[in-house]
Protein chains: 2
Amino acid sequence: MGTLGYAILGLLHRRSMTGYELSKEFESGLFEVWSAKHSQIYPELKGLYEAGLIEYQVEISGTVLEKKVYTITPAGQQALRDWAQAPCGPLQTPKDEFRLRLFFSDCIPPQRRRQRLEERLAQHRQRLAQIEKDREKFDTLPPREGQAFSDYLVLLGGIAREEATCRWLETCLELCRQQEA
Amino acid sequence: MGTLGYAILGLLHRRSMTGYELSKEFESGLFEVWSAKHSQIYPELKGLYEAGLIEYQVEISGTVLEKKVYTITPAGQQALRDWAQAPCGPLQTPKDEFRLRLFFSDCIPPQRRRQRLEERLAQHRQRLAQIEKDREKFDTLPPREGQAFSDYLVLLGGIAREEATCRWLETCLELCRQQEA
DNA sequence: TTTCAACATGTCAATATAGACATGTTTATA
DNA sequence: TATAAACATGTCTATATTGACATGTTGAAA
């Protein structure tokens, strides 16, 4: 099974959900960590079900709309534990199209490069603000047992990454401007 | 054309290379930025050639070994410039399997989680040491024109990312240990 | 009461990527 | 001179991922 399967298993371990809710989780809580479109989620759910790792019950929303609420099975919980415990292997390249463009930016006008850096900085600042607002929900350090602690660690990781990125982009802009003179 | 095509175009804009050398570039200079296996590179080169964006000449290594040295064409340079100038669009999720595992780590023994954090920290420290050695090659700030400047900016980005990651992992370990008492 | 956004579930085709399979040469060193 | 690592180029299959296509319901607000 691929990583997406475990991501879904992990989310369902926290609470039972529909495919639609899963796709929303990837956009919110897992935004800094993993992503998947609904077109990938629904087939994956089918596979997990056939593998006996999840089950579902149909609930009626309103009068006719059927939704499938998925729940993790004991076999699914075991698979999740095994995966979560295993080591990750050597560091992989986190693909970053912006950095790639910057790497080859010597062939574009300097003011255009500055413009792109500024745009990007604005995006990361906005993201940082959002994620720091998420942090406010944790008024006290959550206890080590329980998912709130894991959530908190990953949240700190997101903040660390966004802060570092913002500082880096600010440095880039400074260096670009410095040489203007 | 996908991002890989532009990555190859960008590398060939710097200097003419064989497919093999391109694959090495992805492991070294582009390690923090993009990755591709040779099984993806060779077909992509074929496509770029058919699109008229690159050409090649066959050189003989030793007595019989033929290698294709690829060169970017004017059309390729134009395509590269157009791409490098364009904006990147909204922030994407940088997929990170380690963070995903950590996010679901409440279902594994705490000492196992600490072990994984320590392993990961060692990997990132090693990577940081390597990348900081690369930085030493830049004794002075390179002039804004020319690729050395772009290289330098991206290198700073790698250092910033690795430093932030190391600090974050150290914090995670501290928090894990703190609650031990 | 209409109408729009959010809820809800799927499929399909195209592309991207990884890993295995396949083969052979050159160069440095033991 | 054997041999191993690095050089060199490809293909193939399976899987992962995206974006478009397709359809319909529900709840809230105007």
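Keep in mind the model is a prediction, meaning the values are calculated, not measured. Values reported hereafter were calculated over all heavy atoms of this structure, with side chains retained and with hydrogens, waters and symmetry mates removed. Lettering of chains follows the sequences in order, A, B, ..., and the numbering in each one begins at 1.
Taking the six-membered ring wherever Trp is involved, the centroid distance between the rings of A:Y49 and A:Y56 falls below 6.0 Å.
B:D96 contributes atom CG, which lies 10.5 Å from atom CD of A:Q92 (distance to the nearest 0.5 angstrom). Note: B:L9 CG to B:H13 NE2 = 9.5 Å, rounded to the nearest 0.5 Å.
Looking at B:L48 and B:M1, their side chains come closer than 4.5 Å, going by heavy atoms from C-beta outward.
In this structure, the NZ atom of A:K95 is 11 Å from the P atom of D:dT17, given to the nearest Å. The interatomic distance linking A:E59 (CD) with D:dT26 (P) rounds to 14 Å, in whole Å. Computed from coordinates, the A:I60 CD1 to D:dG27 P distance equals 12 Å when rounded to whole Å. If you measure from atom OH of A:Y20 to atom C1' of D:dT25, you get 12 Å, rounded to the nearest angstrom. With rounding to whole Å, B:Q92 atom CD is found 13 Å from D:dT17 atom P. The nearest whole Å value for the distance from the OH atom in A:Y6 to the P atom in D:dT15 is 14 Å. Note: CD1 (B:I41) to P (D:dC7) measures 14 Å, nearest angstrom. Taking atom NZ of A:K37 as the reference point, atom P of D:dC21 lies 16 Å away to the nearest angstrom.
For A:Q40 and D:dT17, the shortest distance from a side-chain N or O to OP1 or OP2 is below 4.0 Å.
B:T63 comes within 4.0 angstrom of sugar-phosphate atoms only, judged by non-hydrogen atoms across all strands, and of no base.
Ion pairing between a basic and an acidic side chain is recognised when a charged N comes within 4.0 Å of a carboxylate O; A:R127 and A:E32 show such pairing. One finds no salt bridge joining A:R135 and A:D151 here, because no Lys/Arg side-chain nitrogen approaches an Asp/Glu carboxylate oxygen to under 4.0 Å. The pair B:E21-B:R15 counts as a salt bridge, with a side-chain nitrogen and a carboxylate oxygen less than 4.0 angstrom apart.
Checking D:dT26, D:dA6, D:dA20 against the side-chain heavy atoms of A:H38 singles out D:dA20 as nearest.
Heavy-atom nearest nucleotides on DNA chain D were determined for B:K46 and for A:S39, and the one closer to the 5' end corresponds to B:K46. Residue whose closest nucleotide on DNA chain D sits further toward the 5' end, between A:E44 and B:E66: B:E66.
On the nucleic acid side, DNA chain C has its first and last nucleotide under 4.0 Å of a heavy atom of chain B at C:dA16 to C:dT26, going 5' to 3'.
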